[in-house]
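Structure first, commentary second.
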Amino acid sequence: MTGTITLIAHTAANTKTPAVTLRPAGPEDADSLAQLYYSSYEQGGVSSLEEARQVIRGVFDGEYGPFLPDASPVVVDDDGTVVAAALVLSRRIGEDLPDVPYIFELFTAASRRRQGLAEQLVRCAMGTLYNNGYDQVCLRIDEDNAAALALYLTLDFNRWVPETDYV
C-alpha cells in the first residue's frame, strides 16, 4: 500500500431518488456495522472483529470527531442486516484535513458490491450535509484504490492540497 490522498467536494442537494431504503446510522447498529466493517476489507481495514468494534464504538463516541448521524446513512437488507454504510463526522480530529465534514468510512458487503450502493450513500450524505448548511465534505483514500477514486471522481471530488504546500 502506498500513501493516502485527501479528496474534497462541494455538497449539493440529492436529486437522484435512491433505489434502496436508506436510514441514519445509530448506536443500535454498532455490532452489525462492526461485523460489516471487518468483513468488507480484504486488506488494510482492521485485523479483528474486536478492533472493528472499537473503531465503530469510537465513531459513535466521538473519538475521531463529532458524529453526524443524519448524514450517516445505512442500507438495510429485508432481514434487517446492514449491508452498506457511510459514517460521517462534522470534522476529523487530529488530522491535516480541511475543516469540513469528513466521510470517515464507506463500506459495502462483498455480496452487494457493484449495485451502486456506495454512490447512493455518498449522494445521500452529501445531500443531508447540504440541507444542514455544510458547503463541502472531504475524505481520505489510499492513492492506489482505483475503484474508490473512480467513484469519488464521478461525484465531483477533487484532490485537496493544504495551503501550506503552496508556500
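Contact check for T81 versus V76: no side-chain heavy atoms found under the 4.5 Å cut-off. Residues V137 and V100 fail the side-chain proximity criterion, which asks for heavy atoms closer than 4.5 Å. F67 places none of its side-chain heavy atoms less than 4.5 Å from the side chain of S90. Side-chain contact check for L153 versus L7: every heavy-atom pair is 4.5 Å or farther apart. L33 is listed as a side-chain neighbour of V74, based on a closest heavy-atom distance under 4.5 Å. For the pair K16/E119, a side-chain contact is recorded, criterion being any heavy-atom separation below 4.5 Å from C-beta on. Side-chain contact check for N158 versus Y152: every heavy-atom pair is 4.5 Å or farther apart.
Nearest heavy atoms, P98 versus T6: CD-CG2, 4.2 Å. Among all heavy-atom pairs drawn from P101 and Y134, the shortest one is CG-CD2, 3.3 Å. Taking all atoms of both residues into account, the shortest heavy-atom contact from Q120 to Q115 is NE2-O, 4.0 Å. The heavy-atom pair separating M126 from L155 by the smallest distance is CE-O, 4.3 Å. Of all heavy-atom pairs spanning L129 and A71, the tightest one is CD2-CB, 3.8 Å. Residues A52 and Y38 approach most closely at CB-CB, 3.8 Å, considering heavy atoms.
Neither I103 nor I8 shares a network with the other; the hydrophobic side chains, linked directly or stepwise wherever heavy atoms of I, L, V, M, F, W or Y lie under 4.5 Å apart, form separate groups for each. Transitive grouping of hydrophobic side chains (ILVMFWY, heavy atoms separated by less than 4.5 Å) brings L151 and V83 into a common cluster. V55 and L97 end up in the same hydrophobic cluster when Ile, Leu, Val, Met, Phe, Trp and Tyr side chains are linked at under 4.5 Å.
I56 contributes atom CD1, which lies 10.5 Å from atom CG of L49 (distance to the nearest 0.5 angstrom). Put simply, CD1 on I141 and CZ on R159 are 9.0 Å apart, with the number rounded to the nearest 0.5 Å. Taking CG of L68 as the start and CG of L89 as the end, the distance is 7.0 Å to the nearest 0.5 Å.
Of the candidates W160, F157, F104, L139 forms a side-chain contact (heavy atoms from CB on, under 4.5 Å) with just one, namely F157. Under the side-chain contact (heavy atoms from CB on, under 4.5 Å) test applied with L22, the options L117, T128, L121 reduce to a single match, L121. Just one residue in the list Y37, F107, Y102 forms a side-chain contact (heavy atoms from CB on, under 4.5 Å) with L87, and that residue is F107.
Listed for the S39 side chain is a donor-acceptor partner under 3.5 Å among the backbone atoms of Q35. Put simply, the side chain of S72 gets close to the backbone of V88: a donor and an acceptor are under 3.5 Å apart. Using modelled atom types, no side-chain atom of N145 and backbone atom of D142 make a donor-acceptor pair closer than 3.5 Å. Of the possible polar contacts, one joining the S40 side chain to the T108 backbone as a donor-acceptor pair under 3.5 Å is found. The backbone N or O of G3 sits less than 3.5 Å from a side-chain atom of E143, completing a donor-acceptor pair. Between the side chain of E63 and the main chain of V59, no donor-acceptor pair closer than 3.5 Å is present.
Surrounding CG of D79 are more than 12 heavy atoms belonging to other residues, nucleotides or ligands, all under 6.0 Å away. Atom CZ of F60 has more than 12 heavy atoms from other residues, nucleotides or ligands within 6.0 Å.
Salt-bridge annotation for D96 and R140: absent, with no side-chain N of the basic residue lying under 4.0 Å from a carboxylate O of the acidic one.
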- Can you list the steps and then say if T21 with V75 is a side chain to side chain contact (heavy atoms under 4.5 Å, CB included)? CA-CA 6 Å; T21 302; V75 177; over 6 Å; no

- From CA spacing to verdict: salt bridge (Lys or Arg N to Asp or Glu O under 4.0 Å), D29, R23: CA-CA 11 Å; D29 297 312; R23 66 164 174 79; 2.8 Å; yes

